[in-house]
Protein chains: 2
Amino acid sequence: MRRDTQRREAIRNTILEAQRPLTISEIFELTRQKIEGIGIATVYRSLKTLQEDGVIVPVNFSGQPVRWEGADKCHHHHFLCLSCNKLYEIPSCPEGLARILPEGFDLEDHDLLLRGRCNACAGK
Amino acid sequence: MRRDTQRREAIRNTILEAQRPLTISEIFELTRQKIEGIGIATVYRSLKTLQEDGVIVPVNFSGQPVRWEGADKCHHHHFLCLSCNKLYEIPSCPEGLARILPEGFDLEDHDLLLRGRCNACAGK
DNA sequence: GTCGTTGCAAAGCGTTTGCAGCCTA
DNA sequence: TAGGCTGCAAACGCTTTGCAACGAC
């Protein structure tokens with residue numbers, strides 16, 4: 001049985017209201033602005049239960065610390081602009097990925113990160 | 001000035017001879033079969049210098065420990081088995097990725113991780 | 001009142017580093 | 001012989017956990 005607590009609610013809102021995926025220390029700092037005495041252990045425990053409850057999902061980029069974003073987004077990918085370093089959400093998804101797998105492999109899921117120049121930077 | 005040592009050479013061979021990217025503990029265990037007294041610190045230090053020398057590259061994926069593979073490989077992708085947690089190399093590459101990008105975006109590069117069951121685990 | 005939640009501090013765990021001895025060139 | 005390399009153990013930083021107090025229901 002899960003209880004609705006002030007702290008977990010604050011952490012949840014911090015993540016869902018952010019415009020981008022947040023690292024654990026960002027979540028900790030931002031939530032501490034709302035609830036001063038909150039401990040880092042509570043952040044870790046809340047991230048775990050929020051993920052279990054399907055409220056948030058982890059986002060990983062190569063060599064970067066884990067970040068968290070709301071799970072309410074549709075399946076999407078990311079595009080990193082190599083010029084301005086901005087991260088875009090790409091709502092589309094390539095088809096036929098299973099075709100590149102060796103015989104006998106079952107595909108369940110995938111992560112895709114595209115890199116290049118966004119429209120603003122490509123035009124320059 | 002870099003010296004050619006037995007230990008770094010053994011670590012280098014362990015990685016280059018593997019059929020898939022290896023985690024640090026895999027590299028440590030496999031190399032220890034060749035050189036019994038080798039220490040984990042030597043593995044970490046050798047990975048660093050081998051990367052600096054462009055011999056190996058790190059492979060980072062969602063929630064997974066860093067793995068290492070030879071830097072001499074052609075463009076390829078990876079498949080993570082959700083049962084046995086092994087990371088496989090996929091030599092093929094999906095086509096038409098640029099099609100999912102918004103208008104005006106230039107695609108230069110991409111990372112793709114597929115997840116599912118490998119042929120050994122899917123058969124069970 | 002029950003028992004899930006929390007802050008604190010300690011424990012874990014993977015990685016890095018200081019050091020003295022070893023080994024390559 | 002110089003100085004890069006190594007094993008050991010201690011240090012480090014991030015994450016998890018034990019525990020007693022707190023608070024949601």
Side-chain angles (χ1 to χ4, degrees), chain A residues 1-16 18 20-69 71, chain B residues 1-16 18 20-69 80 84-87:
Chain A
M1 179 216 317
R2 197 137 289 166
R3 291 177 183 167
D4 289 340
T5 67
Q6 214 183 51
R7 275 124 222 266
R8 186 155 52 219
E9 189 63 11
I11 290 166
R12 179 179 166 279
N13 289 338
T14 296
I15 297 169
L16 297 187
R20 59 193 172 80
L22 301 178
T23 63
I24 286 157
S25 58
E26 286 173 330
I27 294 166
F28 182 46
E29 291 307 324
L30 287 169
T31 308
R32 196 156 58 169
Q33 291 173 14
K34 307 176 200 167
I35 299 177
E36 206 171 321
I38 197 167
I40 188 69
T42 300
V43 174
Y44 280 102
R45 284 186 280 229
S46 295
L47 291 175
K48 196 178 171 205
T49 59
L50 288 170
Q51 180 182 23
E52 284 169 7
D53 295 347
V55 177
I56 61 173
V57 292
V59 179
N60 286 270
F61 294 112
S62 195
Q64 297 277 309
V66 189
R67 290 164 209 267
W68 296 86
E69 68 178 7
Chain B
M1 181 216 318
R2 198 137 289 166
R3 290 178 183 168
D4 288 340
T5 67
Q6 216 184 48
R7 274 123 223 267
R8 185 156 52 219
E9 189 62 12
I11 289 166
R12 180 178 167 280
N13 289 338
T14 296
I15 297 168
L16 297 186
R20 58 191 175 79
L22 301 177
T23 63
I24 285 156
S25 58
E26 286 173 329
I27 294 166
F28 182 46
E29 291 306 325
L30 288 169
T31 308
R32 195 154 60 168
Q33 291 171 15
K34 307 175 200 167
I35 299 178
E36 206 171 322
I38 197 168
I40 188 67
T42 301
V43 175
Y44 280 102
R45 284 186 279 229
S46 295
L47 291 175
K48 196 177 171 209
T49 59
L50 287 170
Q51 180 182 23
E52 284 170 5
D53 294 347
V55 177
I56 61 174
V57 291
V59 179
N60 282 276
F61 279 121
S62 199
Q64 294 288 310
V66 187
R67 290 175 164 90
W68 296 87
E69 68 181 8
L80 178 69
C84 66
N85 214 42
K86 276 184 185 166
L87 191 72

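Throughout, a chain's letter reflects where its sequence line sits, starting with A, and its residues are numbered from 1.
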Smallest separation among heavy atoms of [X] and [Y], with atom names:
X        : Y        : result
Pro58(B) : Gln51(B) : CD-NE2, 3.3 Å
Thr31(B) : Ala10(B) : CG2-CB, 3.9 Å
Ala71(A) : Gly54(A) : CB-O, 3.2 Å
Ile38(A) : Arg32(A) : CG2-CA, 4.0 Å

Value in whole Å for how far the [atom2] atom of [N] lies from [atom1] of [X]:
X        : N       : atom1 : atom2 : answer
Phe28(A) : dC8(C)  : CZ    : C1'   : 12 Å
Arg2(B)  : dG3(D)  : CZ    : P     : 17 Å
Glu36(B) : dC8(D)  : CD    : P     : 11 Å
Met1(A)  : dT2(C)  : CE    : C1'   : 8 Å
Gln6(A)  : dG23(D) : CD    : C1'   : 10 Å
Ile35(A) : dC22(D) : CD1   : P     : 17 Å
Leu47(A) : dT6(C)  : CG    : P     : 12 Å
Lys34(B) : dT6(D)  : NZ    : P     : 14 Å

Using a 4.0 Å heavy-atom cut-off, does Ile40(B) contact any base of the nucleic acid, only the sugar-phosphate backbone, or nothing at all? nothing
Tabulate protein N/O versus nucleotide N/O from nucleotides 17-23 of chain C, keeping only pairs under 3.5 Å, one per line.
| from | atom 1 | to | atom 2 | distance (Å) |
| --- | --- | --- | --- | --- |
| dG18(C) | O6 | Arg45(B) | NH1 | 3.4 |

Below 4.0 angstrom from OP1 or OP2 of dT6(C), is there any side-chain N or O of Thr5(A)? yes
With heavy-atom distances below 4.5 Å as the criterion, would you say the side chains of Thr14(A) and Leu22(A) are in contact? yes
Please tell me which of Arg7(A) and Val66(B) maps to the more 5' nucleotide of DNA chain C, matching each residue to the nucleotide holding its nearest heavy atom.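 So the residue in question is Arg7(A).
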When rounded to the nearest 0.5 angstrom, what is the spacing between CH2 in Trp68(B) and CD1 in Ile56(B)? 5.0 Å
Do the side chain of Thr49(A) and the main chain of Ser46(A) share a donor and acceptor less than 3.5 angstrom apart? yes
